[in-house]
Amino acid sequence: MNFLILVLSTILSLFPQTKTTQKVEKKPRQAPNIILMIGDGMGHAQLSSALYYGKSEPNYVRFPIVGLSRTSASSHKITDSAAGATAFSCGVKTYNGAIGMAADTTAVETILEYLAQREWKTGLIATSSVTHATPASFYAHVPLRKQEFEIAEQYLQSKVDFLAGGGQRFFFNRLDEQNLYPEFSRKGIQLDTNGLNPYQWEGNKRYAYILAKDGMPPMHKGRGDFLPRATTMALDYFDQTAGDKPFFLMVEGSQIDWGGHANDGDYLVGEMLDFDAAIGAALDYAEKDGNTIVIVTADHECGGFAMVSEEVEVPFRGRQSDYDSLRFSFGSGGHSGAMVPVLAYGPGAEVFSGIYQNNSIHAKMMGLLK
Ligand code: MG
Ligand code: ZN
């Protein structure tokens, strides 16, 4: 008898255990969601300004991984935002002004296009027009950044699922008398030109919030919480519609750069603090989700911005630096050649430590997909 039991149990053990009733669960995501946040014109001093002018500790101090990005374009030592963003989106160093094109003007597939092809949900948010160089570099391919009418047409053909920013004049009542309004419904895009109104998100629909004639208003002219709120909305949209697929979201603090060009420290700092609020929204989401990577970087520095000490007259000693009072200083009205910060949080974030070329950020993001 004992022998029979032994034989039976031996035979049974040859078969793998099958038919255990298991709940059918969503397949766990392999690749992480990617949130790429670009502070246009955000050098180290711009980033640091949030330490001194915010109401509380900046959100970005929560990042464990820090790197430096070398920003030169193929054509110039100092990059513009088109070549800078194309380095991130396409992985190529190109000439200043190029949108989604290599230095020889051949179109290069962007990371957004690549991922959309693989059924990832995608989103772009900017405080400039949505056709401006940085967001455009993720879905458009034109030799010159100023072709914003053409870029607007390419958006309609693109696979950007969630879009938020300004730029109405490139779609409606255009200088060329074309009106792209009817194209939105034809392409299944829910268009909103009034505000960040939430919808019952539908997976087969695209959403576009185009909320200003050109760029969104600056913070000091009442933009409010557009950037962090659009970020939260996009994440909510992805949560409800992405299913078991990851998503790719690019969020741009576009006007840190414009404060730099204007040599206006208050403008710059207001934009920096707003961008940091959006960073907070992204980090909160990533911490909860557990499989989301957040990368914060810049295309270039702008303005040669610094926070220097105020000089004061000290009796019997002459002029001296007062190290307890900060003053904004600008070295130029354009971009500079300084390296810019890269901050990363989430699974695989370690690859973003070190010093590397801006287009390596593309390669590092693509590496996360494996
Ligand atoms: Mg930009
Ligand atoms: Zn600029």
Side-chain angles (χ1 to χ4, degrees), residues 36-47 69 71-73 75-90 94-100 110 112 123-140 142 144-148 151-152 155 160 163-167 170 210 212 214-219 223 226-227 230-231 249-265 267-272 274-275 278-279 295-305 330-341 358 361:
L36 174 64
M37 309 189 73
I38 303 174
D40 197 313
M42 184 188 73
H44 302 279
Q46 283 85 348
L47 189 69
S69 165
T71 61
S72 292
S75 58
H76 296 83
K77 293 190 186 76
I78 297 178
T79 190
D80 79 335
S81 296
T86 298
F88 304 146
S89 65
C90 299
T94 189
Y95 61 90
N96 283 349
I99 301 286
T110 74
L112 186 148
L124 297 174
I125 302 169
T127 55
S128 61
S129 68
V130 294
T131 48
H132 211 260
T134 311
S137 296
F138 287 84
Y139 63 83
V142 293
L144 291 171
R145 58 183 291 171
K146 65 176 181 214
Q147 295 170 275
E148 284 190 76
I151 291 169
Y155 158 72
V160 181
L163 183 75
F170 303 107
I210 306 180
D214 206 326
M216 295 294 291
M219 283 307 285
R223 188 168 76 239
F226 163 81
L227 192 63
T231 303
L249 174 65
M250 193 287 296
V251 179
E252 186 197 18
S254 319
Q255 299 192 30
I256 301 168
D257 182 66
W258 302 356
H261 283 295
N263 284 8
D264 182 336
Y267 185 178
L268 184 161
V269 169
E271 296 297 325
M272 183 62 230
D274 176 59
F275 185 53
I279 289 172
I295 305 144
V296 175
T297 190
D299 44 5
H300 51 73
E301 195 277 339
C302 182
F305 176 63
F330 289 91
S332 93
H335 301 167
S336 77
M339 290 193 289
V340 293
N358 55 1
I361 291 174

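Order of listing sets the numbers, starting from 1, for every ligand and every atom in it. Just so it is clear, the values below take in all heavy atoms, side chains as well, and ignore hydrogens, waters and symmetry mates.
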- Message: Is Thr134 close enough to the Mg ion (ligand 1) that one of its N, O or S atoms comes in under 2.8 Å?
- Response: yes

- Give a yes/no answer: is there an N/O/S atom of His335 under 2.8 Å from the Zn ion (ligand 2)? yes

- Any N/O/S of Asp40 under 2.8 Å from the Zn ion (ligand 2)? no

- Message: Determine whether a donor-acceptor pair (N or O, by modelled atom type, separation under 3.5 Å) exists between the side chain of Asp299 and the backbone of Gly41.
- Response: yes

- Of the N, O or S atoms in Asp40, the one nearest the Mg ion (ligand 1): OD2

- Show your working on side chain to side chain donor-acceptor pair (under 3.5 Å) between Asp214 and His132 and close with a plain yes or no. CA-CA 9 Å; Asp214 206 326; His132 211 260; over 6 Å; no

- Message: Tell me whether the Zn ion (ligand 2) has His261 as a neighbour, meaning an N, O or S atom of it below 2.8 Å.
- Response: yes

- Item | Heteroatom of Asp257 nearest to the Zn ion (ligand 2) (N, O or S, atom name) | OD2

- Side-chain contact test, heavy atoms from C-beta onward, threshold under 4.5 Å: evaluate it for Thr131 versus Tyr155 and give yes or no. no

- Give the name of the N/O/S atom in Glu252 that lies closest to the Mg ion (ligand 1). OE2

- Task: Output yes if Asp257 passes the N/O/S-under-2.8 Å test against the Mg ion (ligand 1); output no otherwise.
- Result: no

- Task: Show your working on side chain to side chain donor-acceptor pair (under 3.5 Å) between His300 and Ser336 and close with a plain yes or no.
- Result: CA-CA 7 Å; His300 51 73; Ser336 77; over 6 Å; no

- Query: Just one of Asp40, Asp257, Thr71, Asp80 clears the side chain to side chain donor-acceptor pair (under 3.5 Å) bar with His335, so which one?
  - Reply: Asp257

- Item | Validation row: Ile38, Phe88 side chains within 4.5 angstrom (heavy atoms) | yes

